[in-house]
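Every number for a ligand or one of its atoms is a count from 1 in the order of the listing. Residue indices begin at 1 and follow the sequence shown.
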Amino acid sequence: MFHKPNENKSQSITDGFHLVVDALKLNGIDTIFGVAGIPITDLARLAQAEGIRYIGFRHEQSAGNAAAIAGYLTKKPGICLTVSAPGFLNGMVALANATTNGFPMIQISGSSDRSIVDLQQGDYEELDQMNAAKPYTKASFRVSKPEDIGTGVARAIHAAVSGRPGGVYLDLTADVLAATLGNDAASRSLVRVVDPSPRQIPDPESIKRAIDLHASAQRPLIILGKGAAYAQADDAIRSFIEKTGIPYLPMSMAKGLLPDNHKQSAAAARSLVLSQADVVMLVGARLNWLLAQGKGPHWSQTAQFVQVDISATEIDSNRAIAAPVVADIGSAMSAFLAALKPGQIQPKAAWIDAIAERKQHNTERMAARLDGSPNPMNFYSSLRAIRDVLANRPDIYVVNEGANTLDFGRDIIDMHQPRQRLDCGTWGVMGIGMGYAIGAAVVSGKPVVAVEGDSAFGFSGMELETICRYHLPIVVVVFNNGGIYRGDDINRSGGADPSPTVLMRDARYDKLIEAFDGTGHNVTDPRSLTKALTVALASGKPALINCVIDPTAGTESGHLQNLNPQSQVGNEKKN
Ligand code: ADP
Ligand code: MG
């Protein structure tokens, strides 16, 4: 039975369904991403009837990815609603990914009868979901009484957005959803959270230590990570960088925090600055695999580090940190700006010149590649076309996943504004594409271009139907080289089955979206790609561009060849 809004309010009782919706609304939650089914179908209906926007997906992983990216963009927990056991587990990949990336998200799932689940008596969709979620989340809660729903939602919000944000699981048993409660007790039980992500003011000593270290530097460098983007302290970050004149390197999702064409960007001289900087300031960036753990030949072994991070336990995780600043980035940057004396930090001219020279050299080399017009297209010629269209549309969000499509896309597509590049992130995960695109389009109301490898697209491709059902302004560009990495591998046994990395050659992904009344384009040269993308964006309607590129374009594992162990026996290296 569908519980109509306020149906019970005129009476003296309410129930778990209403209490969940009331608790979410009380805390400013305006959107839920999910897949309906037992026992949460009525929860989705009721939320919609009560003015919460409900976006229904085809698979929980994409709903979860949409919630996670909504959390990243808004600093409010993104909410994903899933059914019990299998639906819950489908959503868990996204919840674990949110935790790994530091995105605030709450997965709310219905669950089966606890008395049967706990005795393992074989219930419909039986699983001990709260405990299953624990290793992958910041916190995992179960609500077993209707009067605890308000507390459960409040605790989940605090856990998701405080400190380093992350994924939180909230288990609602079918019993608790259906349970009734008197209206007075119900309204007393709700909790409006106050200041769930409080500022974390830095110790003035730590600010002085960091500035003194930078003042002694000859070759300083700042690395901006997605924590810096998340903090939404854009003006303070930019002002600190410009006042000190320190060159900076954006991690991929921090691109656009300052426009990529900023003269202090050292992105085009990355290996030079990593290997030669003597003082490196990490701002919301971890020294994880994406920065070679701060070790190895890419890095100067004598460099000293400043690290600005909200998480005290991140400090010293890989390299010794000489000047930790444990704080939220907005507060830390304001404190730096207040403490900085004019001219106190002054990168040496020789350092700035060396970076400028390397940038020019690398930019010219890249320009020569981008200017080629091979037939069939390769990553360079097709991404150049996309880059040029997007240069005129700085409002557009870019989602990017794949192996080579990701690596080339990151380097070639310039970002002009903060938080508009959304990609595989800390795990290097595939399958975020359509979920991130939908989440970004829904919370921003802006157009999204999803630049997808053909293999990566496959993980969430069915969400094209979701995109079309909600009429979202999303253009998907599938880089079709017919394979994982590339499309020309062979079955090394000589057998009839295709190679493990090969996908269907000549697949027409554009026809998929036509099944849902979206617009498909099939392009084989940069000029038609430019045209298709321009037309698709101007229409503001869902579109998919099948972008046919050379099956021999791309390398195995993209830029991660060092992470791909290969058999030394009887396995000729193909790529
Ligand atoms: P990237 O992959 O871009 O290098 P990471 O995800 O590795 O970025 O690092 C982000 C870091 O930012 C995490 O260590 C996280 O604790 C930190 N962080 C997140 N939000 C904030 C914030 N508001 N203030 C300070 N640090 C933050
Ligand atoms: Mg491919």
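Here T405 does not reach the Mg ion (ligand 2): none of its N/O/S atoms is less than 2.8 Å from the metal. At a threshold of 2.8 Å, the Mg ion (ligand 2) has no backbone or side-chain N, O or S atom of F479 nearer than that distance.
The protein non-hydrogen atom at the shortest distance from atom 7 (O) of ligand 1 is R286 NE, 2.9 Å. Of all protein heavy atoms, the one lying nearest to atom 4 (O) of ligand 1 is M251 CG, 3.3 Å. When hydrogens are left out, the protein atom nearest atom 26 (N) of ligand 1 is I310 N, 3.1 Å; that is the closest non-hydrogen contact. Taking atom 23 (N) of ligand 1 as the reference point, the nearest protein heavy-atom neighbour is A231 CB, 3.7 Å. Closest protein heavy atom to atom 13 (C) of ligand 1: D309 OD2, 3.4 Å. Scanning all protein heavy atoms for the shortest distance to atom 20 (N) of ligand 1 gives Y230 CD2, 3.7 Å. Among all non-hydrogen protein atoms, the one lying nearest atom 19 (C) of ligand 1 is G227 CA, 3.7 Å.
No donor-acceptor pair under 3.5 Å is formed between the side chain of D454 and the backbone N or O of G458. Without hydrogens or angle criteria, N97 side chain to V93 main chain gives no donor-acceptor distance under 3.5 Å.
Salt-bridge check for R238 with D234: failed, with every basic side-chain N at 4.0 Å or more from each acidic carboxylate O. The pair K446-D395 does not count as a salt bridge, with every side-chain nitrogen at least 4.0 angstrom from each carboxylate oxygen. The existence of a salt bridge linking D506 and R508 is excluded, since no basic side-chain nitrogen approaches an acidic carboxylate oxygen closer than 4.0 Å. Note on R527 versus D525: no salt bridge recorded, every NZ/NE/NH1/NH2 to OD/OE distance being 4.0 Å or above. With respect to the salt-bridge test (charged N to carboxylate O, under 4.0 angstrom), the residues D489 and R486 do not qualify. Comment: D309 does not engage R286 in a salt bridge, judged by the lack of any side-chain N to carboxylate O separation of less than 4.0 angstrom.
Among N288, N101, T100, the single residue meeting the side-chain hydrogen bond (donor to acceptor under 3.5 Å, both in side chains) criterion with T426 is N101. Screening L337, D235, V283 against F240 for a side-chain contact (heavy atoms from CB on, under 4.5 Å) leaves a single residue, L337.
Of the polar atoms of G284, at least one N or O is found under 3.5 Å from an N or O of ligand 1, judged by distance alone. Of the polar atoms of R164, at least one N or O is found under 3.5 Å from an N or O of ligand 1, judged by distance alone. Taking only nitrogen or oxygen atoms, main chain and side chain alike, E314 does not reach within less than 3.5 Å of ligand 1. Ligand 1 has a nitrogen or oxygen under 3.5 angstrom from a nitrogen or oxygen of I329.
S317 and E314 form a side-chain donor-acceptor contact under 3.5 Å, judged by distance and modelled atom types alone.
Set against the non-hydrogen atoms of T426, the atoms of ligand 1 under 4.0 Å away are 6 (O). Atoms of ligand 1 lying under 4.0 Å from at least one heavy atom of A285, given by number and element, are 4 (O), 8 (O), 9 (O), 11 (C).
Between Y380 and F408, a ring centre-to-centre spacing shorter than 6.0 Å is recorded.
Take the N/O/S atoms of D454: the one nearest the Mg ion (ligand 2) is OD1.
Of the heavy atoms in N288, only side-chain atoms (C-beta onward) come closer than 4.0 Å to ligand 1. At a heavy-atom distance under 4.0 Å, atoms from both the backbone and the side chain of K226 approach ligand 1. At a 4.0 Å heavy-atom cut-off, ligand 1 touches A327 through the backbone alone. Proximity of L291 to ligand 1, defined as any heavy-atom pair under 4.0 Å, is not found for any part of the residue.
The shell of residues lying under 4.0 angstrom from ligand 1, judged by heavy atoms, excludes G425.
Both cation-pi conditions hold for K75 and Y230: the charged atom is under 6.0 angstrom from the six-membered ring centre and inside a 45 degree cone around its axis.
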